[in-house]
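Note on naming: letters A, B, ... go to the chains in the order of the sequence lines (proteins, then strands), and numbering restarts at 1 for each one. Bear in mind the structure is a predicted one, so any value in this text is a computation, not a measurement.
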Protein chains: 2
Amino acid sequence: MSIEEKQKPQRNDRVTIRTVATHAGVSVAAVSKVMRNAYGVSDALRARVTDAIETLAYRPSRAARGLRGRSFTIGVLLIDIRNPFLPEVIAGVNEVLGPSHYQAMIGVSDARVQLETSLIESMIDYKMDGLILVAPRLPSEILATFAVQIPIVAVGYHDASATAFDTVNAEDQRGAEIAVEALLACGYRDIEMLSLGERQGHAVSVVRQREIGFRRAMQRGGLGSSPTISKIPIASPKREEVMRKFLSRKDRPRAVFCWSDLDAITLLSLAMEMGVRVPEDLAVIGYDNSSTAALGLVNLASIDQSGRELGQVATRALISRIEGRTASEHIFQIPSLVSRNSLTRFGNSTDR
Amino acid sequence: MSIEEKQKPQRNDRVTIRTVATHAGVSVAAVSKVMRNAYGVSDALRARVTDAIETLAYRPSRAARGLRGRSFTIGVLLIDIRNPFLPEVIAGVNEVLGPSHYQAMIGVSDARVQLETSLIESMIDYKMDGLILVAPRLPSEILATFAVQIPIVAVGYHDASATAFDTVNAEDQRGAEIAVEALLACGYRDIEMLSLGERQGHAVSVVRQREIGFRRAMQRGGLGSSPTISKIPIASPKREEVMRKFLSRKDRPRAVFCWSDLDAITLLSLAMEMGVRVPEDLAVIGYDNSSTAALGLVNLASIDQSGRELGQVATRALISRIEGRTASEHIFQIPSLVSRNSLTRFGNSTDR
DNA sequence: CGACGAATGTAGAACGTTCTCCATATAACG
DNA sequence: CGTTATATGGAGAACGTTCTACATTCGTCG
């Protein structure tokens, strides 16, 4: 007590590569070699090191790895976490990543350009190995500057001319066309689109693409060169109000194609409350084929773009790029219609 | 061309703390001091450094930071990304984190203990500053061992005796009681609970807590000491089948309390398809008050536990722990009933 | 038997921070 | 004017990896 007999003060001994090396009686470099299974390692050495790693339950520090080489982490950026379409994409990413030694870390930008930028920068600063950006808001030039620092795959971002990064998309123009064609086939002629009023809508966004497809299909169907597209404000308390107004319009159209299930379902709900019968008074087709749309209660016809598949494809593309590919790839999936009661009573023709 | 006149080969000059130091004509240590606003920095020095940082658009490397000190990142672990309750929690976290210099990185464990462990370890290996675990599956002892390595706040994890980490919960027992009380108040006596059959249900899980509350309230209401609790299998294709069977039972109860809106909404949907009228034949109360429950089409009475608030509170707790608090805190929120048509026709009495 | 190449292992310099000492300059005080 | 306290800035050692460049040992072949 009187004499300070300090033990070496309780250091929370982290097992590092050095611990492993000592334990196995080899050099640090040797351990590193085994871990990276690099050239020039004998079976004996490998066995000893592997044993040591096992017994010590050694885990390499991601931070240190990032500082020097790869971190075996890929970053995923989501605009929004509330839209049920996005979780599907994540599920797809995780499925592909699962068996590999990569792991996903997710950032949520809440559709704010500022936050989006800083999250991407953070991911770069973490020395992540690659990025999957889902429906990013940043312009293509900016993405390109990021892409020289880190492999990037953009999902839901229509810029097939990009050379610096890859893109993975469902053909949103085609999806919208399919919707219009389905409505036409049911005999509806008086069709409008309910779209999203983005702050700074850029042509690459899925929403704008769907608008383009809508216009083209309407034109092709002989319904005028500039069909009506109403916009629902983004992230505003007035969203419902806008939809109510739409529903109570005297010249309300006979059918509507909505940019996303997210809003289409609300629309259906409001329609019910206001006594607008679906599909008798108003036919509705949504987009995304979310699980809620499939509920018997909701029964919303929708354009299906498998988020899971998009996630899977994007992840494979990213990995191949991480592993050396430099030429950019632009991959497309074909969406399809899932017919349900909101299109035509007892319309489960192509449901799956 | 003939003579190899190599420039210094195109090094992708990252702006490091050293670049800043040189540019400002000071030492590396000085820059670091300014960044951490540590003691012993004159206004003049600070100004010069700040300027340099600005002009060079310097961003410190998170990887390097993690290696030595703090990384200003907190990790969030979600069991599942499809349950719409979880995104709410994330939203709450982001709201609190927004103005601070911290950032959130999210991992998704898909309810697999294996993956959960490895994600937590990764986050530790990244030297993140703290972790928010939402409804983790790991037992308390294991969490405790992690908690000595990194500050942890568990959300939706009932272990108020934990000393190594904090917990933030809605009082799930109370929530279940409220549900039962509401059903009793409507005159229903024949009540069952639809719960979740977890692989290895541990008492700390919100689901088990709700079961406890359910039993107590039923008992208190004089409805026997062991009321019926049916279980829906987790992550199984048979989930719908089980619900269908429940709905077609001859001795089907008059009212049901369902562990989560996620399943309650499916139940409502199946009921409609099978011609079981809600609430005339079957009253239903869900849990979470998800946005889908609020839809006019669905109109599901539900116990509200604000995921956003839980996220906010958890984040504040985590930050205070990061900043030095060592005594553990266990915070509770009080849930409340949101009455809707599934409980009693035109039942919007306490809706808000 | 000497030389050479292949195979195997190691030393040690990065990577970009943080942070603990020190060194110096300036102020305060008797 | 000498001494001591206080403010300010810098040197340099970590942190835990990766990876290049080298050293050593063998086998093989002329």
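Atom CZ in A/R36 sits about 5 Å away from atom P in D/dC19, given to the nearest Å. Regarding A/I17, its CD1 atom lies at a distance of 11 Å from the P atom of D/dC19, rounded to whole Å. Rounded to whole Å, atom C1' of C/dT17 lies 12 Å from atom CZ of B/F72. For A/M35 and D/dT17, the CE to P distance is 7 Å, given to the nearest whole Å. For B/Y39 and D/dT8, the OH to C1' distance is 8 Å, given to the nearest whole Å. One can place CZ of B/R59 at 13 Å from C1' of C/dG16, the figure rounded to the nearest angstrom. A/N37 places its CG atom 17 Å from the P atom of C/dA7, with the value rounded to the nearest Å.
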What nitrogen or oxygen pairs link the protein and nucleotides 11-15 of chain C at under 3.5 Å?
residue	atom	partner	partner atom	Å
C/dA14	N3	A/R68	NE	2.7

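For B/A30, counting side-chain heavy atoms from C-beta on, the closest listed nucleotide (C/dT17, D/dG10, D/dG16) is D/dG10. Set against D/dA7, C/dG16, D/dC19, the side chain of A/S32 has D/dC19 as its closest nucleotide.
Checked for salt-bridge contact, B/R82 and A/E88 meet the test: a charged N lies under 4.0 Å from a carboxylate O. Comment: B/D166 engages B/R325 in a salt bridge, judged by a side-chain N to carboxylate O separation of less than 4.0 angstrom. Under 4.0 Å is where a charged nitrogen must lie from a carboxylate oxygen, and between A/D125 and B/R14 at least one such pair does.
Side-chain atoms of B/Y58 and B/T16 include no donor-acceptor pair closer than 3.5 Å. For B/R137 and B/Y157, the side-chain atoms include no donor-acceptor pair closer than 3.5 Å.
The residue B/R18 sits close to a base: some heavy atom pair falls under 4.0 Å. In this structure, A/S42 reaches the sugar-phosphate backbone alone: every heavy-atom distance under 4.0 Å involves primed, P, OP1 or OP2 atoms, never a base.
In this structure, B/R65 reaches the C/dT18 phosphate: one of its side-chain N or O atoms is under 4.0 Å from OP1 or OP2.
Shortest non-hydrogen contact noted between A/G66 and A/S71 is CA-CB, 4.2 Å.
DNA chain D is contacted by both B/K33 and A/P60; B/K33 maps to the nucleotide lying nearer its 5′ end (nearest heavy atom per residue).
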